[in-house]
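Down below is the structure, laid out as structure tokens.
Throughout, protein chains are lettered first and strands after them, A, B, ... in sequence-line order, and every chain is numbered starting at 1.
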Amino acid sequence: MKIKHTKGMRDIPTIQGLNSRSVPDTRQQAATELARLEHEKARLERNLKMWINNQKKTEGRLRQVEERLALVQQILVLPAADGSPKCVQARQSLRAEGNGGEGKAQGWREITLEY
Amino acid sequence: MTVAGRSINGAPTALSVRPRPNFVETPSVRDLTERTLAYLAAGFPIHFRGPAGTGKTTLALHVAAQLERPVMLIAGDEEFATSDLIGGQYGYRYRKVIDQFIHSVLKYEEDSTQRWVDHRLTTACREGFTLVYDEFTRSRPEANNVLLGVLEEQLLVLPTMSREDAYVKVHPDFRAIFTSNPQEYAGVHEVQDALSDRLVTIDLDYYDRETEIAITAARSSLPPEEAARIVDLVRDFRASGEYDQTPTLRACLMIAQVSAMQNLQPSARDPRFVGICLDLLESKTSFTSEARDRRAKQRKMLLSLIDHHCGNAVKKKEQDRDED
């Protein structure tokens, strides 16, 4: 027989521990424990799902941050061909897009109608 | 796809109007446009009234183009209600919040609110667009009641349940141009006195001969002398009064455009050209068994008009060419 050594407080047998670890004796005890365990299982599954979701979200956010980081580094590191910083160029191109139509800049769509 | 001036992605859709490359602006059109712009600059809404084919809608769009603001175009309709002008409650905005910031605590919220969608008048008032309300007398008078406050008090009153801002102060750049047919036309309603009183009404008649020739030549790419024959033919027919539906500039454009596409000369000796003229002009008389004699007389008159305007001239031109 294998001798079980007590390693910490967790392994000290208590009345409650003995009760919960022992095989249920009656049908009522079994039903009670079944309900408790099912609840515990559902809780742990919810927990797991949440952690998986969190992991996915964090990975997505990390990817976004890395992309943005690469863009900012590129602006800082690479000099522009015309001597102006890249950020100025980016702003200029955004402004040029805005000038494409007043509507775009103001937040409405425009359809051209010839009469 | 757009729904009542609002694209499916939620941003309002406006028109940017501009003249066609072959748009004709004769002195009479320019004069009318300048007068209209003067009224609009003073803040008065304009109402172009006239029979079909007098260029009301085109003139309204031309004036709107001069204002250089986006245009909201509405076409009057019997089925129109106030909500078709200002907007209404369309669908629901549904919100569900599940908060599990602390994993063992579940906070759950659900609510739904009715979703308000601005229609063209509201968008135009809010953003300062130019409103072109085409054939507004085709809408029932009560549908246009909301315009009274907009045109006089510069205030658009929305239903109180709609949203927080139940009153919309009309943007200073907002301008309104209305067009309508006279009251004897089919499918139109009378204008309320209160609305009519707020509008500067300009009565439009058919364009002068020079303008009609210029427009027909420009839109069909026929030479002006050939366009003139067609215009004179239609104008003479109009002057005869022998019809139920007035032949307009549209008839000139149709004859000229089809002739140009088929490479036909406006000549009484070309049966295809004569056929086109008869198709387009004979239909201006109602088709009843009692009117058979009248139609026969009308055909005779049309044939003599075609011969007068497109027969001798062509012969003379060909004779001149032979002499040269």
Would you mind reporting whether Ser104(B) and Arg43(A) have side-chain heavy atoms less than 4.5 Å apart?
-> no
Quick one: are Thr112(A) and Arg18(B) in side-chain contact, heavy atoms under 4.5 Å?
-> yes
Answer yes or no: are there more than 12 heavy-atom neighbours, outside Glu59(A) itself, under 6.0 Å from its atom CD?
-> yes
At what distance, to the nearest 0.5 angstrom, does CG of Leu15(B) lie from CD of Glu114(A)?
-> 12.5 Å
Within 6.0 Å of CZ in Arg250(B), more than 12 heavy atoms from elsewhere = no
Looking at side-chain heavy atoms only, is the closest gap between Val71(B) and Leu113(A) below 4.5 Å?
-> no
Measure the OG1-CD distance between Thr13(B) and Glu110(A) for me, rounded to the nearest 0.5 Å.
-> 10.0 Å
Tyr115(A) side chain near His62(B) side chain, heavy-atom distance below 4.5 Å = yes
